[in-house]
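Structure record follows, encoded as structure tokens.
Since we're looking at a predicted model, the values are computed, not measured. We count ligands from 1, going down the list as the structure has it; atoms in each ligand are counted the same way.
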Amino acid sequence: MSAWHEEYLKRYAQLKERGRSFFPYAVFKDVIVSFLLLCVLSALAYFVGAELGDLADPTDTTYNPRPEWYFMFLFQVLKLFPGRLEAVAAVVLPVLVVLFLFSLPLIDRGRERHPSRRPLLTGIALMTIIAWGFLTWKGYTSPLTNPIVEKDPLVLAGHRLYQELKCSYCHSIGGQGGLVGPELDKVVGDQTEEWLGKHFRDPQALSPGTVMPKLNLLGDEITILVAYMKSLGSGPFTEEAAKLFNENCTTCHRIGKEGGDVGPNLSAIGSVRSKSYIKSYIEDPSRANNSSSMPAYKGQLTDIQIEDVARYLASLKGNK
Ligand code: HEC
Ligand code: HEC
């Protein structure tokens, strides 16, 4: 037995003599700390609360997925790997790290305990912390894939009511839902708000013999359902819109056979992008794409003109 080991055993025996048993002393301390933590968590839950996002919506193409802060670094690491290698970053690397941590007591068998006397492991730990912090920061500052679209609260409420009333048993939006009634995103764009309101009040009156039930909705409920319906169809646009497009955009974009090829062909943009996305893109492409080479039109065109062009583009579903 080495002198060092002997020394260690002696010290251990000494400490043990002076020490106290795990039960109940250490357990008691654990209980106190757990209780304090519980109090802090309860207070946070009560006074701060957890943030709830919008209702989950599989048809929403403007959502910006972002993980919680503690996974932000992994989110950023994933970007360094091409699609088919993502499993390496998501599964293999974390497993290797955990295995390394497990084997640490076997690797680091030196006597020294002070960080400054263990340069290799201290170095690895410091580098890990720096890399983790850097990746977290990069994750938070990385560009969003979609512009942040402020959602109209009426539309959100309407979407909620649509779910509560199970309209999707009969109707589909974005290809999700039942087939008994028409695909709402394809047809409601053609209806006026007045028509929709009347139709919700009494479907039989406007469509005699329809199976769509009369739901005895309140006035407010009809208002928000109509707002939601109007947000699906992109809304009416003027003849001016196509002209504005020809004047400003055809140098780079093609619709049908007409136009240039610098930017993407927009003939079917309405089937892949929402009106709000298109509008935001025209206003300022750098919101969605910070390496965009397209000019921003906010200020060049009026808000009404931009809305008009966006509605026009949102109506293009590739049949022109
Ligand atoms: C039992 C099936 C059924 C349910 C449930 C139902 N609908 Fe309908 N809906 C229909 C049918 C069938 C039509 C087509 C005939 C008509 O115009 O009423 C229709 C038509 C519509 C139209 C008119 C579409 C157009 O432009 O012609 C809208 C808007 C609509 N429904 C919205 C809703 C909403 C919102 C709900 C939930 C509150 C709902 N529906 C619940 C069957 C249903
Ligand atoms: C100088 C060339 C140019 C002009 C002019 C231009 N764009 Fe673009 N646009 C682009 C390019 C290039 C892209 C592809 C991504 C990027 O660089 O922003 C693009 C992307 C877009 C997109 C996004 C497509 C998507 O799926 O994300 C929309 C919408 C769009 N343009 C609409 C317009 C409209 C409307 C106008 C006229 C008001 C216009 N553009 C004028 C070059 C142009």
Short N/O/S contact of Cys170 with atom 8 (Fe) of ligand 1 (below 2.8 Å):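 No, since none of the N, O or S atoms of Cys170 sits under 2.8 Å from atom 8 (Fe) of ligand 1.
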
Under 2.8 Å: N/O/S of Thr210 next to atom 8 (Fe) of ligand 1: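 Given the 2.8 Å cut-off, Thr210 does not count as a ligand of atom 8 (Fe) of ligand 1.
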
Please identify which atoms of ligand 1 are closer than 4.0 Å to at least one heavy atom of [X].
X	result
Ser207	16 (C), 17 (O), 18 (O)
Gly181	10 (C), 11 (C), 12 (C)
Val180	12 (C)
Leu196	29 (C)

Relative to the heavy atoms of [X], which atoms of ligand 2 are at a distance of less than 4.0 Å?
X	result
Leu313	35 (C)
Leu266	32 (C)
Ile282	35 (C)
Val262	12 (C)
Asn289	15 (C), 16 (C), 18 (O)

Ligand 2 contacted by Leu244 (non-hydrogen, < 4.0 Å):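 False for this residue.
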
Just to confirm my output: which protein heavy-atom neighbour is closest to [atom], and how far is it?
atom	answer
atom 24 (C) of ligand 1	Val187 CG2, 3.7 Å
atom 22 (C) of ligand 1	His199 CE1, 3.4 Å
atom 5 (C) of ligand 2	Tyr297 OH, 3.3 Å
atom 13 (C) of ligand 1	Pro182 CD, 3.4 Å
atom 37 (C) of ligand 1	Cys167 SG, 1.8 Å
atom 4 (C) of ligand 2	Cys252 SG, 3.3 Å
atom 29 (C) of ligand 2	Ile278 CG2, 3.9 Å
atom 25 (C) of ligand 2	Arg273 NE, 3.6 Å
atom 14 (C) of ligand 2	Pro264 CD, 3.4 Å
atom 32 (C) of ligand 1	Phe200 CE2, 3.4 Å
atom 12 (C) of ligand 1	Val211 CG2, 3.5 Å
atom 26 (O) of ligand 1	Gln191 NE2, 2.8 Å
atom 11 (C) of ligand 2	Gly263 CA, 3.6 Å

Could you label the plane-to-plane angle of the [X] and [Y] rings as parallel, tilted or perpendicular, counting under 30° as parallel and over 60° as perpendicular?
X	Y	result
Trp137	Phe134	tilted
Trp4	Tyr8	parallel
His253	Phe245	tilted

Where [X] and [Y] come nearest, the two heavy atoms and their spacing:
X	Y	value
Arg287	Ser280	NH1-OG, 2.9 Å
Gly139	Phe75	O-CE2, 4.4 Å
Asp284	Ala296	CA-CB, 4.0 Å
His199	Leu206	N-CD1, 3.5 Å
Pro94	Val88	CD-O, 4.4 Å
Tyr297	Asn248	OH-O, 3.2 Å

Option nearest [atom] (shortest heavy-atom distance, choices [options]):
atom	options	result
atom 17 (O) of ligand 2	Ser293, Gly260, Gly259, Ala241	Ser293
atom 36 (C) of ligand 2	Pro295, Ala268, Cys249	Cys249
atom 42 (C) of ligand 2	Gln305, Met294, Glu247	Met294
atom 18 (O) of ligand 2	Ala314, Ala296, Pro285, Ser292	Ser292

Heavy-atom distances under 4.0 Å decide this one: backbone, side chain, both or neither, for [X] against ligand 1?
X	value
Leu184	side chain
Trp195	side chain
Leu206	neither
Leu215	side chain
Pro203	neither
Tyr169	neither

For [X], I'd like to know if atom [atom1] has over 12 heavy atoms of other residues, nucleotides or ligands within 6.0 Å.
X	atom1	value
Leu15	CG	yes
Phe81	CZ	yes
Ile107	CD1	yes
Glu240	CD	yes
Arg11	CZ	no

Ligand 2 contact on Ile269 by region, counting heavy-atom pairs under 4.0 Å: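 Just the side chain.
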
Distance-only N or O hit between ligand 2 and Tyr277, under 3.5 Å: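 Between Tyr277 and ligand 2 (N or O atoms, distance only) the closest approach is under 3.5 Å.
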
Any Tyr228 heavy atom less than 4.0 Å from ligand 1: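 Tyr228 does not count as a contact of ligand 1 under the 4.0 Å cut-off.
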
Working for salt bridge (charged side-chain N to carboxylate O under 4.0 Å, His left out), residues Lys10 and Glu6: CA-CA 6 Å; Lys10 216 162 90 200; Glu6 248 167 82; over 6 Å; no

Ser291 versus Asn289, side-chain donor and acceptor atoms under 3.5 Å: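 Checked: Asn289/Ser291 side chains pair up, N/O donor to acceptor below 3.5 Å.
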
Metal proximity, Tyr281 vs atom 8 (Fe) of ligand 2, N/O/S cut-off 2.8 Å: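 It does not: Tyr281 brings no N, O or S atom closer than 2.8 Å to atom 8 (Fe) of ligand 2.
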
Atom 8 (Fe) of ligand 2 to nearest N/O/S of His253 less than 2.8 Å: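 Coordinating: yes.
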
At atom 8 (Fe) of ligand 1: angle between Met212 atom SD and His171 atom NE2, to 10 degrees: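 That angle is 180°.
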
Working for salt bridge (charged side-chain N to carboxylate O under 4.0 Å, His left out), residues Arg311 and Glu307: CA-CA 6 Å; Arg311 287 182 181 190; Glu307 173 76 26; 2.8 Å; yes

